[in-house]
Amino acid sequence: MGLYIGIDGGGTKTDCVVGDDHAVLGRATTGGCKVTRVGEAEARANLQKAIAEACRAGRVEPRGVSRVCVGLAGASDTDSCQVVQRIVAEVVPASVEVVGDMVVAFEAAFREGAGVLVSAGTGSIAYGRNERGETARAGGWGPVVSDEGSGDWIGRAAVAAALRAFDAGTTTALAAGILNAWQVATRDDVARMANSHPPPDFAALFPIALTAADRGDALARDILIRAGTELAQLARIVSRRLWPGQSAVRVRICGGVFMNSFCVQQVFENSLRAERPDAAVTFGMVDAAAGALAYARRGATRPAAIMV
């Protein structure tokens, strides 16, 4: 019986599970391991701690593991993938495969089936696979140029809207929430914080936008509506690539933005169904680490994906 490790590695947390051919034996969660966000030293510490704790929980020796799959946020950066692969290999002398985090999340959501997964947490992405094994993605190219509708995107949009309100001499709950969250007093302070290097954690402003929207702040509500629309556009792009002319598509949505904002969920579904009226949209938590474990188990028997 084989032993396998599946890892879901993001910017804020790392989930690791160890299992055999049939069951999960141990699990652990540590801090983020996205190299471009936390640096190589912190990524190493968090990854290796997650592996050690999961193996300890499962009463498994790391050297007994035969295959590891890491679903990594930002896996389009080849250098980061190689760093993570090397870090894991330092403590697990096994075959180590690094794929995009959306790949293992899709595995958890659909297994070997077809559909579109739209994830909106700190970042965002839509990833799909059709019945022919063809895959397509939209978004997920990083916070500066992409990640539409994500927590980071919402935070940046909130700061932009607050600064515009300051310029107009308008008082808003959103602007007041940002001043309080960042513990600053003026619009100049907000602008200075927003443009600092390294940048602030814009995704941490997502709850501020939610609270402001709940209090009737029109700026905050408009941002959430735009987020839902942007996320639906990602789903539409992938659906057009994989199922042209067909409206009956399975769509799974997940992530903290969807989980915490009914407004974003509702706008997403309405916007998507304007083009795909028969789309079957479901929401639920996706255990991406378990998806990575399943991916590791299948290993060499997995059919190759065809990106279109």
Side-chain angles (χ1 to χ4, degrees), residues 3-19 24 26-58 60 62 65 67-109 117 119-125 127 137 139-143 146-147 150-152 198 201 203 254-257 285-299 302:
L3 292 174
Y4 312 95
I5 287 177
I7 298 172
D8 176 35
T12 57
K13 70 173 183 174
T14 300
D15 287 327
C16 177
V17 293
V18 59
V24 171
R27 179 185 289 267
T29 300
T30 60
C33 67
K34 185 177 180 181
V35 178
T36 55
R37 183 182 177 100
V38 303
E40 183 172 343
E42 188 172 342
R44 172 177 281 101
N46 289 334
L47 264 170
Q48 295 186 353
K49 181 181 179 183
I51 292 168
E53 290 184 355
C55 287
R56 190 179 305 117
V60 167
V65 172
R67 191 156 47 243
V68 179
C69 176
V70 182
L72 184 67
S76 55
D77 180 355
T78 304
D79 290 341
S80 293
C81 290
Q82 291 175 346
V83 169
V84 167
Q85 196 169 35
R86 184 172 66 248
I87 288 171
V88 174
E90 289 171 0
V91 293
V92 184
S95 171
V96 180
E97 182 177 15
V98 180
V99 299
D101 57 344
M102 71 283 190
V103 174
V104 297
F106 185 94
E107 177 74 22
L117 178 70
S119 176
T122 301
S124 68
I125 192 169
Y127 179 82
R137 62 170 286 177
W141 301 112
S146 184
D147 286 352
S150 68
D152 190 278
D201 183 1
C254 66
V257 171
M285 298 301 294
V286 172
D287 189 349
L293 178 64
Y295 211 77
R297 283 173 178 148
R298 293 218 314 274
R302 209 169 39 241

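Here, residue 1 is the first one in the sequence, and each next residue gets the next number. Predicted model, so just to flag it, every value in this text is computed and none were measured. Atom set for the values below is all heavy atoms of this structure, side chains included, hydrogens, waters and symmetry mates excluded.
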Hey, are the side chains of Val286 and Ser119 touching, using non-hydrogen atoms and a 4.5 Å cut-off? no

Can you name the nearest heavy-atom pair linking Ala109 to Leu117, along with the distance? CB-CD1, 4.1 Å

Atom pair CZ/CG of Arg297 and Leu3 - distance to nearest 0.5 Å: 10.5 Å

Check whether Arg137 reaches the backbone of Gly139 with its side chain - one donor and one acceptor, N or O, closer than 3.5 Å. yes

CG of Leu293 to CZ of Arg298, rounded to nearest 0.5 Å, is 11.5 Å

Between the CG atom in Asn46 and the SG atom in Cys33, the distance rounded to the nearest 0.5 Å is 7.5 Å

Contacts under 3.5 angstrom, residues 80-94 side chains, donor-acceptor by atom type, not counting sequence neighbours:
unit_1	atom_1	unit_2	atom_2	d
Ser80	OG	Asp77	OD2	2.8
Gln85	NE2	Val96	O	2.6
Arg86	NH2	Glu40	OE2	3.3
Glu90	OE1	Arg44	NE	3.1
Glu90	OE1	Gln48	NE2	2.8
Glu90	OE2	Arg44	NH2	3.1

Any side-chain heavy-atom pair of Thr30 and Cys16 under 4.5 Å: no

Specify the closest pair of heavy atoms between Ala50 and Thr14, including all atoms of both residues, with the distance to one decimal. CB-CG2, 4.2 Å

Asp287 versus Arg27: any side-chain heavy-atom pair under 4.5 Å? yes

For Ala105 against Ala288, the heavy-atom pair lying closest together: CA-CB, 4.0 Å

Of all heavy-atom pairs linking Pro62 and Cys55, the shortest is CG-SG, 4.0 Å

Drop me the distance from Phe106's CZ to Tyr295's OH, to the nearest 0.5 angstrom. 10.5 Å

Between Arg67 and Ser95 (side chain of the first, backbone of the second, donor and acceptor by atom type, cut-off under 3.5 Å), is there such a pair? no

Which distance, rounded to the nearest 0.5 Å, do you find between the OG of Ser150 and the CD1 of Ile125? 11.5 Å

Can you find a pair of side-chain heavy atoms, one from Val35 and one from Leu72, that are under 4.5 Å apart? no

Please examine the side chains of Val103 and Glu107, heavy atoms only from C-beta on, and report whether any two atoms are closer than 4.5 Å. no

To the nearest 0.5 angstrom, please state how far the OG1 atom of Thr122 sits from the CG atom of Asp152. 7.5 Å

